[in-house]
Amino acid sequence: ANSIGAGLYIPPGILQAGIDIHYNNAVIIAAGSAVTEIRLPLTTVAITSMAFTANVATVICASTSTLWVGRSIRVNGASTAAHNDVFIVTAIDSSTQFKCGALSNVNTGSSTGGTFMAANVIDCGKLCDGNSATAYAGLVLRGFTVNGMRGSRPNPTFSDLSDWGVALTQFSNFNIADVRGKDCWNAGVAMFINSNFGYVQCQVENCGFSHTAPGGFDVNSSKHITLDVVSKSCNYGFRLLDNVWDVNGKVSVYNATVMGGLFNNQSLNESHGCNIQITVE
């Protein structure tokens with residue numbers, strides 16, 4: 001699904017889809033996290049050919065139906081030049097040809113073959129655009145599990161912009177309840193860059209094992225959030241990173257692989273006014 005707005009109801013069952021939310025007042029409500037699951041597709045589109053010029057990849061594929069302009073994607077190719085890299089689609093040249101701006105990519109040369117892979121299960125506000133993303137407000141996510149299918153996907157070693165469960169970027173006034181994130185290379189649920197004024201009730205499991213060593217649940221540069229979070233068997237149980245203000249509530253961590261919680265503040269982006277009850281077992 002690309003750039004959904006208004007309301008979406010998902011009945012019980014399994015849905016294989018990457019979902020982008022680029023609208024205000026968006027709603028996804030499902031039948032419950034125990035009965036509805038959204039799985040990140042393992043493959044979406046076959047590549048006919050791909051060529052690199054400097055840090056731009058021109059990708060030609062047979063079909064455009066499941067490519068998303070403006071979101072990060074991973075390319076798994078037939079050679080090391082095309083394997084496990086992350087790109088952002090920046091322009092469409094024709095009905096079958098796309099230009100992709102590279103993220104931390106140093107490859108040159110060319111390659112053929114491979115597949116596009118969706119980046120995040122639910123991407124609210126375009127994580128790939130970061131500070132340049134348009135700000136949105138009004139979001140309800142309720143009653144489903146997001147599955148990053150980590151066991152069937154390679155570790156995203158070139159970028160931390162892919163393989164999140166639910167990722168919010170500059171999306172304020174949100175309510176997340178009865179959401180379960182599992183088996184994501186990065187966090188199962190995460191808020192970034194002015195994702196302010198929200199409530200999050202979620203459970204994350206077996207998340208946070210990418211090369212960047214994230215937490216199962218992440219908050220970064222966001223404010224005024226109330227948490228009710230359970231983290232199980234994640235790398236770091238949770239992380240609060242840089243410029244986090246007025247984040248309150250409770251976080252319960254069980255069987256973290258490395259550490260229950262991580263607090264990290266840059267000298268110019270200190271966090272303030274947080275009151276969180278933390279349980280680590």
Side-chain angles (χ1 to χ4, degrees), residues 33 120-122 124-125 127 130 135-146 148 160 163-210 212-281:
S33 62
N120 305 304
V121 186
I122 299 181
C124 307
L127 173 62
Y136 298 96
L139 175 69
V140 174
L141 303 177
R142 187 168 299 152
F144 53 81
T145 291
V146 289
D160 63 355
D163 279 90
W164 304 84
V166 175
L168 274 64
T169 308
Q170 298 203 60
F171 217 125
S172 62
N173 298 313
F174 50 90
N175 187 292
I176 299 173
D178 187 28
V179 169
R180 179 178 172 223
K182 70 174 186 178
D183 296 329
C184 300
W185 277 109
N186 288 307
V189 178
M191 281 102 251
F192 304 102
I193 309 176
N194 293 323
S195 291
N196 305 327
F197 300 102
Y199 170 78
V200 182
Q201 185 265 312
C202 71
Q203 179 171 307
V204 291
E205 303 172 18
N206 300 308
C207 295
F209 294 92
S210 82
T212 57
F217 177 85
D218 274 3
V219 180
N220 192 336
S221 298
S222 298
K223 305 173 183 178
H224 315 301
I225 302 173
T226 299
L227 304 179
D228 185 357
V229 175
V230 175
S231 174
K232 295 183 176 180
S233 302
C234 296
N235 192 26
Y236 291 82
F238 71 100
R239 300 190 306 174
L240 300 182
L241 304 177
D242 303 334
N243 200 27
V244 174
W245 290 43
D246 187 32
V247 174
N248 303 286
K250 62 181 180 179
V251 178
S252 300
V253 179
Y254 302 93
N255 302 316
T257 304
V258 175
M259 186 181 300
L262 176 65
F263 302 88
N264 184 32
N265 289 287
Q266 300 175 10
S267 59
L268 298 179
N269 294 296
E270 294 181 355
S271 299
H272 298 276
C274 297
N275 185 4
I276 303 172
Q277 176 184 328
I278 302 169
T279 302
V280 179
E281 296 185 6

Legend entry - Shortest non-hydrogen contact between G188 and V146, atoms and distance: O-CG2, 4.1 Å

Inset, instruction - Determine the minimum heavy-atom distance between W164 and C184, stating which atoms define it. - result: C-SG, 4.1 Å

Inset, instruction - For T169 and G130, work out which heavy atoms get closest and say how close. - result: CG2-O, 3.9 Å

Legend entry - Approximate separation, where rounding is to 0.5 Å, of F144 CZ and R180 CZ: 13.0 Å

Legend entry - Criterion side chain to side chain contact (heavy atoms under 4.5 Å, CB included) on I176 and L168, from CA distance to verdict: CA-CA 11 Å; I176 299 173; L168 274 64; 4.2 Å; yes

Legend entry - Spacing of K223 atom NZ and H272 atom NE2 [to the nearest 0.5 Å]: 9.0 Å

Legend entry - Separation between CE of M191 and CG of L240, rounded to the nearest 0.5 Å: 11.0 Å

Legend entry - pair V229-V189: side-chain heavy atoms closer than 4.5 Å: no

Legend entry - With sequence neighbours excluded, residues passing side-chain contact (heavy atoms from CB on, under 4.5 Å) with A137: N24, S172, N173

Inset, instruction - Check whether the side chains of S221 and D242 place a donor and an acceptor atom closer than 3.5 Å, and report yes or no. - result: no

Legend entry - Nearest-0.5 Å distance, NZ of residue K182 to CD of residue Q203: 10.5 Å

Inset, instruction - To the nearest 0.5 angstrom, please state how far the CD atom of Q201 sits from the CG atom of N175. - result: 9.5 Å

Inset, instruction - Compare every heavy atom of N186 with every heavy atom of C207, then report the nearest pair and how far apart it is. - result: CB-O, 3.5 Å

Inset, instruction - Let me know which of F217, F263, Y254 forms a ring-ring contact (aromatic ring centres under 6.0 Å, His included) with F238. - result: F263

Inset, instruction - Give the minimum heavy-atom separation between G237 and A256, together with the two atoms involved. - result: N-CB, 4.0 Å

Inset, instruction - Using a 4.5 Å cut-off on heavy atoms from C-beta on, say whether the side chain of Y236 contacts that of V253. - result: no

Inset, instruction - Spell out, as yes or no, whether a donor-acceptor pair under 3.5 Å connects the side chain of S222 to the backbone of N196. - result: no

Legend entry - From D178 atom CG to R142 atom CZ, the distance as rounded to the nearest 0.5 Å: 9.0 Å

Inset, instruction - Kindly indicate whether the side chain of I225, heavy atoms from C-beta on, has any atom under 4.5 Å from the side chain of F174. - result: yes

With a 3.5 Å cut-off and sequence neighbours excluded, list the donor-acceptor pairs that the side chains of residues 245-252 form with protein atoms.
{"unit_1": "W245", "atom_1": "NE1", "unit_2": "N243", "atom_2": "OD1", "d": "3.0"}
{"unit_1": "W245", "atom_1": "NE1", "unit_2": "E270", "atom_2": "O", "d": "3.3"}
{"unit_1": "D246", "atom_1": "OD1", "unit_2": "N248", "atom_2": "ND2", "d": "2.8"}
{"unit_1": "D246", "atom_1": "OD2", "unit_2": "H224", "atom_2": "ND1", "d": "2.8"}
{"unit_1": "N248", "atom_1": "OD1", "unit_2": "N275", "atom_2": "N", "d": "3.3"}

Inset, instruction - Kindly give the heavy-atom pair with the smallest separation between C202 and V200, and that separation in Å. - result: SG-CG1, 3.8 Å

Inset, instruction - Spell out, as yes or no, whether a donor-acceptor pair under 3.5 Å connects the side chain of S33 to the backbone of T145. - result: no

Legend entry - Residues which pass side-chain contact (heavy atoms from CB on, under 4.5 Å) with D183, listed by chain and number, not counting sequence neighbours: N147, R150, N206

